[in-house]
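The structure appears below as structure tokens.
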Amino acid sequence: MALPAFLLPLAVLDVAISWVLSGALQPWGMGPLLQLWLWGVMRLAVLSVCLWPLVRLKGSRLAEPWPALATCCLLLPTYNSLAQATGSPHTELLHAPLTTRLPLTYLATALGLVVAHRFLPQTGAHTPGQTPATASISRLLSCLRPDLRRFLLVAVFVILSSAGEMAVPYYSGRLTDRVKSGERETAFTSTILTMAAFSIGSAVMEFICDCTYNRTMTRVHTRIQGSVFRSVLHQDIKFFDTVHTGEITSRVTADTNTMSESLTEQLSLLMWYLTRAACLLLFMFSQSPRLSLCTLVFIPFIIILPEFVAQFYQGLTAEVQTSLAKANDVATETMSAMRTVRSFANEEGESARYEQRLEATYSLAKMEAVLYSVYTWTSSLSGLLLKVCVLCYGGLLVAEGNVTSGGLVSFILYQMQFTSAIETLLRFYPQVKKAVGASEKVFEYMDLPPALALQGALAPATLGAHIQFRNVTFAYPNQPDVDVLK
């Protein structure tokens, strides 16, 4: 993702605007939070006016800069408002100088842009004649609309099951506090029983949710397959002459099954892990808003660092495959011309040429192995760094008395599950795109109008018995230039 040339002048302009606004608002004597909000809103307004002509230019690379601009200008006021609402005693960023404010906002905005560019669908990036991903997703959702009540019921059970699972980390922290305080055995036993009751209830809700969801998706699959078959039957005879029977059967059966199976599995994972991540985030903020913000700051690094290394790994993997294909070409060429090789007694020369290709492949494979090790190392290291930072920062909060020991234990368990849920969502994102791609051909057949209407409204007043053919020609659709009847 190349950076536009005007980004540096824009940053210089932002620094100048921020410095002028800070100096202008300082003598007013208002509260620091109100002054920070006025600084952010006025900065957003001035930068929006400056960017508006660039956005209106034809061919501009600034398609939709407003979310990033709003994030950059309003991030600090929003953070400090949430910190005051949650009763946080730390107000360093509220009174921070511009040399601290601006780099923090630039860094947070840049990380958000990188994550959004990598994982969110890009509007307007499809080729002509190709269905946009958003249109296919809208069609998929429209197929689920007749069973909306069932899906709402599934969503309720998913939320209840996810909330029940949150009881295990919560009561683990409570258990730690009670053991540390030396409470009686009855309190220990009641905590264990409550944890077990919530776990059993969560398992029951998950069972009901899975049964309802699978039955609903079976109905959706049956309805889609019936709609595709009905649409094919209403086509004219020319359609069956020009399109092979195997292709039609593949669309009605194989493509529909692929779409339905992918949709069933991926939609289930999406609902489950998205709800799970949302519940975990809420419980994390209930334990410690400051530790939660620390986790959210590190999440982009967990995503970006392995992805950055994976790009080099994927490129080298393609080079290894290309090199191996060249070695196979040498072997195929030698085997197909074995008589010529034998007549010139060039067996050793061909063997040396093949071994040379294999050596080149081996060199690339060694680099691939190193990059794979680096990729797995960065994936583990990013998660380990997050755990270490949470432990260090959480230890400071425990020492200050802002978080209890049990609260820190609960938060670490929540944070580990939250990170796992985010990584699972990102890992299954390509498979969601596969399900969307498989649905395009199915919807193409569902929306295909017949060239000729099967039922007509024209009828003669009286039907005679004399039929004459004059200037009648006939040709099959697959050979329109060859007349069968003249």
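Residue numbers count from 1 along this sequence.
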Intermediate values then yes/no, side chain to side chain contact (heavy atoms under 4.5 Å, CB included), Val168 and Ser199: CA-CA 7 Å; Val168 176; Ser199 300; 3.5 Å; yes
Which atom of Arg43 lies closest to which atom of Ile17, heavy atoms considered: CA-CG2, 4.4 Å
Sub-4.5 Å side-chain heavy-atom contact between Glu206 and Glu165: yes
Nearest atoms (heavy-atom pairs only) where Ser405 meets Val398: OG-CG1, 4.0 Å
Aromatic plane relationship, Phe151 with Tyr213 - under 30° parallel, 30 to 60° tilted, over 60° perpendicular: perpendicular
Side chains of Phe198 and Tyr171 in contact at under 4.5 Å (non-hydrogen atoms): yes
Side chain Ser410, main chain Gly406, donor-acceptor under 3.5 Å: yes
Heavy-atom pair of closest approach, residues Leu291 and Val390: CD2-O, 3.9 Å
Any donor-acceptor N or O pair under 3.5 Å, side chains Gln415, Thr419: yes
4.5 Å side-chain heavy-atom contact, Leu36 and Pro32: no
Pairwise side-chain contact, Leu153 with Arg149, heavy-atom cut-off 4.5 Å (strictly under): no
Check: Ser161/Trp272 side-chain N/O donor and acceptor closer than 3.5 Å: no
Worked check of side chain to side chain contact (heavy atoms under 4.5 Å, CB included) between Thr194 and Arg174: CA-CA 11 Å; Thr194 306; Arg174 293 282 300 273; over 6 Å; no
Pair Phe411-Ser292, side chain to side chain contact (heavy atoms under 4.5 Å, CB included): steps then yes or no: CA-CA 9 Å; Phe411 183 87; Ser292 302; 3.4 Å; yes
From Trp39 atom CH2 to Leu74 atom CG, the distance as rounded to the nearest 0.5 Å: 9.5 Å
More than 12 heavy atoms from other groups under 6.0 Å of OH on Tyr106: yes
Met271 atom CE, over 12 foreign heavy atoms within 6.0 Å: yes
Backbone N/O of Met416 and side chain of Ser420: donor-acceptor pair under 3.5 Å: no
Over all atoms of both residues, closest heavy-atom pair of Ile422 and Ala277: CD1-CB, 4.4 Å
Student check: side-chain heavy atoms of Tyr372 and Glu368 closer than 4.5 Å: no
Over all atoms of both residues, closest heavy-atom pair of Leu102 and Thr105: O-OG1, 2.8 Å
Student check: side-chain heavy atoms of Leu397 and Leu408 closer than 4.5 Å: no
Taking every non-hydrogen atom, the tightest pair across Leu280 and Phe418: CD1-N, 3.4 Å
Ser81/Trp37 under side chain to side chain contact (heavy atoms under 4.5 Å, CB included): CA gap, chis, key distance, verdict: CA-CA 9 Å; Ser81 299; Trp37 269 106; 2.8 Å; yes
Donor-acceptor under 3.5 Å (Tyr414 side chain, Cys279 main chain): no
Identified side-chain contact (heavy atoms from CB on, under 4.5 Å) counterpart of Asp147 within the set Arg215, Arg219, Met217: Arg219
